[in-house]
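Side-chain atoms are counted along with the backbone in the values below, which use heavy atoms only and exclude waters and symmetry mates.
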Amino acid sequence: MGRFIALSGIVVSVAIVSAGCWGRGPSRVVAPEINPSAAAAAAMDQYDTNKDGKIQGPELDAAPGLKAALSRINPGGNSVDASQIAARIQKWKDSRVGRTSVACTITRKGRPLAGAKVTLVPEKFLGQNLPVCTGVTDESGSCSVSAPTSGPTDPPGVPPGIYLVQITKDGDNIPERYNTKTTLGIEVALDAEGMEAGYRFDLNY
């Protein structure tokens, strides 16, 4: 099953792959296992530095993936807590989506940045099962990001999760705030903010 979205004049296929809707046998894709309560507890250990039971303010600024997902984790709020994080992860699991296509557009001061490598690094609190996903932008600054694939029956895409975004380019000294000390993050989920239109990052350097 799938749908198509327009991104900067390019039609991008969004393939939703789950245990319930992708073919048969070895072509079925199941999302990597994440324990909601354990992941939520790990998130609090990692980011709730004052131990008040909430990730907010400077703590949330230090967690760009969670900050990007705030509108879905705690609609209308300015903080997240363990129960809200666990509930959001459970919603990913309930969707039974194994992978979904992720489209990104990278610009520098408004102009397309071709040849940039986009790397999605799963938040550490989600555990060890989520893969690192990558893509390289074309002349329009656009790319599809995917987990590694092992053959023609292994469809591309990114598992549901919260990711740090790292942007690099050979021969281009992109500042560390966009890569090794990134301030960029996204949530990947069917209803995540940004999924329909594609994720856009304008680098200012």
Side-chain angles (χ1 to χ4, degrees), residues 16 18 30-100 102-106 118-134 145 147 157-167 174-205:
I16 302 167
S18 73
V30 178
E33 180 59 30
I34 303 171
N35 182 298
S37 59
M44 301 307 292
D45 286 343
Q46 183 176 349
Y47 289 119
D48 180 20
T49 56
N50 66 5
K51 306 305 176 186
D52 67 349
K54 295 181 179 181
I55 300 171
Q56 59 186 338
E59 296 169 337
L60 196 58
D61 291 338
L66 282 173
K67 189 172 183 178
L70 178 63
S71 67
R72 299 296 187 264
I73 297 176
N74 182 14
N78 60 6
S79 66
V80 298
D81 62 28
S83 64
Q84 293 165 337
I85 295 170
R88 185 59 182 167
I89 295 171
Q90 186 61 52
K91 188 165 185 177
W92 305 341
K93 294 168 71 73
D94 291 344
S95 74
R96 297 178 61 81
V97 171
R99 293 181 187 174
T100 184
V102 172
C104 289
T105 297
I106 310 300
V118 180
T119 303
L120 302 186
V121 180
E123 278 279 15
K124 183 170 64 174
F125 64 78
L126 295 176
Q128 302 298 314
N129 293 331
L130 287 176
V132 172
C133 304
T134 60
V145 183
V158 179
I162 293 174
Y163 295 85
L164 303 176
V165 180
Q166 298 180 350
I167 302 169
I174 296 178
E176 61 185 10
R177 67 181 178 272
Y178 300 126
N179 40 73
T180 56
K181 295 182 180 179
T182 187
T183 60
L184 308 177
I186 64 170
E187 180 190 15
V188 175
L190 291 184
D191 63 340
E193 188 172 351
M195 280 291 289
E196 285 292 333
Y199 298 97
R200 296 172 178 269
F201 299 100
D202 186 46
L203 311 188
N204 186 17
Y205 67 98

Between [X] and [Y], what is the shortest heavy-atom contact and its length?
{"X": "P64", "Y": "T183", "answer": "CB-O, 3.4 Å"}
{"X": "D191", "Y": "R88", "answer": "OD1-NH2, 2.7 Å"}
{"X": "P160", "Y": "G98", "answer": "CD-O, 3.6 Å"}

Please say whether more than 12 non-hydrogen atoms of neighbouring residues, nucleotides or ligands are located less than 6.0 Å from [atom1] in [X].
{"X": "K93", "atom1": "NZ", "result": "yes"}
{"X": "K51", "atom1": "NZ", "result": "yes"}
{"X": "Q56", "atom1": "CD", "result": "yes"}

I'd like to know if the side chain of [X] reaches the main chain of [Y], judged simply by a donor and an acceptor atom lying under 3.5 Å from each other, with no hydrogens or angles considered.
{"X": "Y199", "Y": "G185", "value": "no"}
{"X": "T105", "Y": "R200", "value": "no"}
{"X": "N129", "Y": "E33", "value": "yes"}
{"X": "E59", "Y": "T49", "value": "yes"}
{"X": "Y163", "Y": "T119", "value": "no"}
{"X": "N74", "Y": "S79", "value": "yes"}

Mind checking whether Y178 and Y205 have parallel, tilted or perpendicular rings, split at 30° and 60°?
tilted

Using the rule side-chain contact (heavy atoms from CB on, under 4.5 Å), only one of V158, L164, L130 pairs with L120; which is it?
V158

Please round to the nearest 0.5 Å and tell me the distance separating atom CD1 of I106 and atom CG of L203.
6.0 Å

Between the CZ atom in R72 and the CD atom in E187, the distance rounded to the nearest 0.5 Å is 7.5 Å

Candidate pair T182 and Q166, rule side chain to side chain donor-acceptor pair (under 3.5 Å), full reasoning
CA-CA 6 Å; T182 187; Q166 298 180 350; over 6 Å; no

Yes or no on side chain to side chain contact (heavy atoms under 4.5 Å, CB included) for M44 and I55, after CA distance, side-chain angles and deciding distance?
CA-CA 7 Å; M44 301 307 292; I55 300 171; 3.7 Å; yes

Close side-chain approach of D61 to K67, heavy-atom, < 4.5 Å:
yes

For D81, the side chain to side chain contact (heavy atoms under 4.5 Å, CB included) test, sequence neighbours excluded, returns S83, Q84

